[in-house]
Amino acid sequence: MSLAPATIRGEVTIRHLSKSYTLDGRPLPVLDNINLKIRSGESLAIVGASGSGKTTLLRILAGLEDADGGEVLIDGKAVSGVGAERAVIFQEPRLLPWLTVLENVAFGLDTRGVSREEAKARARRYVQLVGLQSFENAYPRQLSGGMAQRVGIARALAVQPEILLLDEPLGALDAMTKIGMQQELTRIWRDEDVTTILVTHDLEEAIYLADRILILPREKNAAPRLIEIDLPRPRDRSAPEFVRHREELLTLFGLH
Amino acid sequence: MSYENVNSTLGADFRLASRPPAAPRVTSRLNALLPSFLARYGLVLAFLALWQISSTQGWVNPAVFPPLHTIVVALWDSLASGALLDDIAISLQRSGIAFAAAVVIGIPLGLVMGQAKIVEQALDPLLQFFRQTSALALYPVFILLLGLGETSKVFVIFWATLFPILLATIGGVKEVDGKLVEMARTYGAGRLTIFRRVILPASVPAIFVGLRLSATTALLLLIAAEMIGANKGIGFQVMNAQYNFQIPLMFAAILLLALLGLIANAVLVLLQKKLCRWSQPNA
C-alpha cells in the first residue's frame, strides 16, 4: 500500500539483551544475552514455554520495560522507551469503552497530534481494511471478541508503524475466529510495509504467520534457536512441509 | 385483524354498538402495560390506599395520620398562596450552594488524590476519621465556629456531601484499568493526555455514584440543619407545623422533601445517561 522508502525501515537489532526480576529477594533471570537481527519487513514469531521470557522480550522492544543490560537498535539507532515507529497489539483489545470504533482507531493519531480531519480519514481507511466499516459508530461493548481485536489491530496499523509488536493477539479468541484472523493478518501484512514481531504460544500460528521463529529456552544456559519457514503464502496447514515444521517444533519442545 | 374477524361473526348490531376501532387498540396496549405498571407501583398504590382507608375509617388516629386528600390540599394551598415558596427557595439555596461547593472541591481533589499515591496515603487516615464522624455530631462545633446563621447550615451540608463525592472520585480513579493507561502510553500519550483521555472518562460513572449519594445526603442534612435555629426552610416548616399541630401541613412539607429528592436524583440520572451513553446497555 505505501511506497517502499529508500532508507532501511523497521530493522531491529537486539544486542546482548538481559533482564532478570527479583523474586523473594533473589534475582530470577528471564532473558540472558539475547542477540538477534530482524530484517526490515520480516515477520518474526517468538515462541517458548511460559516463563521463557517471550512476553518480557516483547515488552522491552515496545519500550514498556527496561532491560538490565544490552541494547535494542531500530534502524541503527539505540532506543529506550516507547516510540512512534512502533505500535503494540495486546492480547486484550484494550479499547476505550467510551469511544466509538472509529474514535478508538483514531486514538493513536490524536495522541500524536495528527489533525482531526486527517485522523478521521485515516482511521476510516483502516476500519475498512479490517472489514468493520458498518460498525464505525458502534461502542466496544457492542462488539464480539474477534471484532474488538480487529479494532485493536486497525488502531495499531493506523499510526503506520515501521514495527508491529503483537503479544499473543489471538490468544483469547475461539478456534474458528482465530483461523479467520490469521488469514486476515497474512492479507494485511502483504499490503502493509511493516516488520512484525509476534509472541505466541500457538506453534501452528507461528508457522502459519512467520518468516522465522525464535524459540526461547526455559533453561537460561541453553541458547535460543531460530527456524526458517520458507513456505509460500497463503500457507496450507496440511501441506507436508507445514506438517514437517510442526513436528520439528514439537520435538524441540519434547512433545513429539 | 383478529378483532375484525370476531366482530363479523358477532354481526352488524355489535359492530354498530362497538366503539371506533382505535379504542380497543388503546385498551389492549393498556392491558399490556398494566402488569408492568402494577409490578412497579402496585405496592405504593396499596400503601396509599391503606393509609387513606385506615385514616378515614378511624383505624388509626386521623389527627396523627390525616387522610391523604387533606395532605394534598394542604400542600396545594401552601404552594398556591406562596407561603411555602420562600421556604423552598431558601432550602434549595442552602443545599445547592453546599452541593456545588462539594462538587467543585471534591471532584478535583479526588482526581488528584486518586493519582498521587503519596497525597492519598497522607490524607487517607484523616479522611477515614472524618468520614466516620457524623456531620450532625459536628454541627454544634460548626455553630460555635461559624455562628447560628446561614454559614454554619451551608457548611454542615457541604461537609456531609463532600465525602461521598471525594471518596467515589478517588475510588473511580484508582479503579481505572492500568492496561488502558499502558495502551495509551504506547501511542505516545503523556501524563496530561492520559489523564484527559483515559483516567477522567473512565472515572465518570464512579463519580456519578458519589454525586447521587451526595444529593440524598444534602437533603438529609438540610432538614437537620433547618430544625435547629432556623425560621425559614422546608425543614423548619416540618418542625413548625408539628409544634402548631398542623399535621396535614407537616406531611405536606415531608412530601415536598421526598419530591425534591426524587427530582434531584432524576436530574442526575438524566445527566449520567447523557455523559455515559457508552456504558448503557441499550443506548
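- Between the side chain of A:Lys54 and the backbone N or O of A:Gly48 there is at least one donor-acceptor pair closer than 3.5 Å.
- Contact annotation for B:Thr193: only side-chain heavy atoms (C-beta onward) come within less than 4.5 Å of a heavy atom of chain A.
- Side-chain atoms of A:Gln149 come within 3.5 Å of backbone N or O of A:Gln91 as a donor-acceptor pair.
- Looking at A:Val159, the atoms closer than 4.5 Å to chain B (heavy atoms on both sides) all sit in the side chain, from C-beta outward.
- Look at A:Lys77 and A:Glu85 and you find no salt bridge, because none of the NZ, NE, NH1 or NH2 atoms lies under 4.0 Å from a carboxylate O.
- Both the backbone and the side chain of B:Val198 come within contact range of chain A, each with at least one heavy atom under 4.5 Å from a heavy atom of that chain.
- Most heavy-atom pairs under 4.5 Å with chain A, from the set B:Pro201, B:Ala202, B:Gly190: that is B:Pro201.
- Below 30°, between 30° and 60°, or above 60°: for B:Phe163 and B:Trp159 the angle between ring planes is above 60°, a perpendicular geometry.
- Residue A:Leu165 does not touch chain B at all, counting heavy-atom pairs closer than 4.5 Å.
- In this structure, B:Phe155 has its ring center closer than 6.0 angstrom to the ring center of B:Phe158.
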